[in-house]
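Only one structure is covered here, and it is reproduced in the block below.
All of these numbers come straight from a predicted model, not from anything done at the bench.
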Protein chains: 2
Amino acid sequence: MTLSVQAELPRILELFPSLAEIGPENWGREDVVLIELPPNHLVQEGQLLDYAVLLLDGTIRMFKISPGGREITLYRIQGGECCPLMMTSILGESEYEASACIEKPSLALAIPSGLFREWMDRYRGFRQYIFKMVGKRLILMSNLLDSINFKTIPGRVAEFLYEQTASGADTLALTHDAIATELGTAREVISRTLKSFEKEGILALTRGRIAEIKRDELERYLEY
Amino acid sequence: MTLSVQAELPRILELFPSLAEIGPENWGREDVVLIELPPNHLVQEGQLLDYAVLLLDGTIRMFKISPGGREITLYRIQGGECCPLMMTSILGESEYEASACIEKPSLALAIPSGLFREWMDRYRGFRQYIFKMVGKRLILMSNLLDSINFKTIPGRVAEFLYEQTASGADTLALTHDAIATELGTAREVISRTLKSFEKEGILALTRGRIAEIKRDELERYLEY
DNA sequence: CATGCCGTGTGACTTTGTCACGGAAGAAGA
DNA sequence: TCTTCTTCCGTGACAAAGTCACACGGCATG
């Protein structure tokens, strides 16, 4: 069974209000389809560019990977978002230069490149929405660059933990390796940093878990 | 004496062909003006956003600066280009988050934000041009991020020298500090690296000069 | 219970960044 | 020409971060 765009239209419009201005003649098209993205599927540079993808559900992690295998997460795409790198590839006919990993099973609206360009021309709100997305990521990436180049590791780890516990939880189910991958450093570095945090009583470490995280203590390490 | 937009129109259209579709009623406006940007003038975050700026001449360096004073160059804007971070700020009403330094005396076309948005809506070619610019920088920044995080210093210095000598010159008039600022590292690090290159006979160092650069020898150090 | 994998801890070493100098090249002025 | 000053460069000692090699323990699986 495949999902029908028509059936999901309410959900699509809720997530992407800017698509409201698109008329029924476009929604009826056979080449605008819903696709399911399998979890843990990897997309390398330059693929999938026949379609622009708007994510309805799940999450996709965009990252860079070095020849040595070290990774760094650039950003995540969530339901209601789209991938700016992909957008600019389609619109600028340039290369794409990052990898994507589908973290949670994802559902997406696929729009053929040509049609996507047409929509960008025709629909003002949609265009503005896409532009905002791209701008947001541009700023995000410039801040990431800033962090990598100017901040210390303890500072970045503290910041990461601080963000992850923003919802109130004081425990995270994360391996050191996962954090290293987020921040673009090595697992040993994270292990040592966390260990030193533990010695200061800021948190407690067990296998695959970071518990008893004291957010207020973390603040001491936040930079800027 | 101020320069007249009308008088410079041929030059403007040559540098920005996509502006050709804009009719005379817009070119006659009093609020579209040419401005001269003084060299070494610094622009901090969030300024100048009442106008979108299209550069006709000169160069502007966009960079990040740390609390400690270390800098890293994000990219340069040249004649015929515009600043993507500024564009996205105007279109997305978000913050701007970088500094700019006018390196060479510059001449620019200033368009009020509102009118710029109007042009973006009305003129397809102009819109596509701006989008291409933004995309180009997004990719450039993601590659820079990659370099910072994954490449070695000798690799990055070699790459920098390689690019700077692409025109054929085997001598560069650059201080070590200038290179450090380009790459986002410390002057001492660059000094040591260049010294080691000199010991290998790849180049010759004198005050404010790097001479006898052997491009083919540099290739050994290029990464990827 | 045995096996194997995965996550973690650790020490030794290399690379990069920081700090504090000092010294030399060139510009400017007397 | 000599003096003074600024800018640029070199260096050593140290701190921070990344790399490499390996060991150990928890936990799942058969």
From CD1 of I148(B) across to C1' of dT15(C) the rounded distance in Å is 17 Å

note: R192(B), atom CZ; dT14(C), atom P; distance rounded to Å ~ 15 Å

Among dG18(D), dC6(C), dG26(C), the one nearest any side-chain atom of R207(A) is dC6(C)

Tell me whether K64(B) contacts the main-chain N or O of E97(B) through its side chain, where contact means a donor paired with an acceptor under 3.5 Å. yes

Winner on side-chain proximity to T175(A), out of dG7(C), dG17(C), dC8(D), is dG7(C)

More than 12 heavy atoms from other groups under 6.0 Å of CD on E223(A):
yes

Between NZ of K195(B) and C1' of dT11(D) the distance, given in whole Å, is 11 Å

Quick note, T152(A) side chain, CB onward, closest among dT11(D), dA17(D), dT18(C) is dA17(D)

Atom CD of E188(A) and atom C1' of dA21(D) are separated, to the nearest Å, by 10 Å

When rounded to whole Å, the CG to P distance for the pair N149(A) and dG17(C) reads 8 Å

task = Would you please say whether a donor-acceptor pair under 3.5 Å links the side chains of E200(B) and Y221(B)?
result = yes

Look at T185(A) and dG18(D) and indicate whether a side-chain polar atom (N or O) is within less than 4.0 Å of OP1 or OP2.
yes

*What does R70(A) touch in the nucleic acid at a heavy-atom separation under 4.0 angstrom: a base, only the sugar-phosphate, or nothing?*
sugar-phosphate

Exercise for review: Ignoring backbone atoms, test whether H176(B) places a side-chain nitrogen or oxygen under 4.0 Å from the OP1 or OP2 oxygen of dT7(D).
Suggested key: no

Yes or no on salt bridge (Lys or Arg N to Asp or Glu O under 4.0 Å) for E188(B) and K195(B), after CA distance, side-chain angles and deciding distance? CA-CA 10 Å; E188(B) 299 91 314; K195(B) 201 82 203 155; over 6 Å; no

Rounded to whole Å, CD1 of I153(B) lies from P of dA17(D) at a distance of 15 Å

field: Side chain proximity check, N149(B) to S66(A), heavy atoms < 4.5 angstrom
entry: no

In whole angstroms, the gap separating P of dT7(D) from CZ of R209(B) amounts to 19 Å

Whole-Å distance, R187(B) CZ to dG12(D) P, equals 14 Å

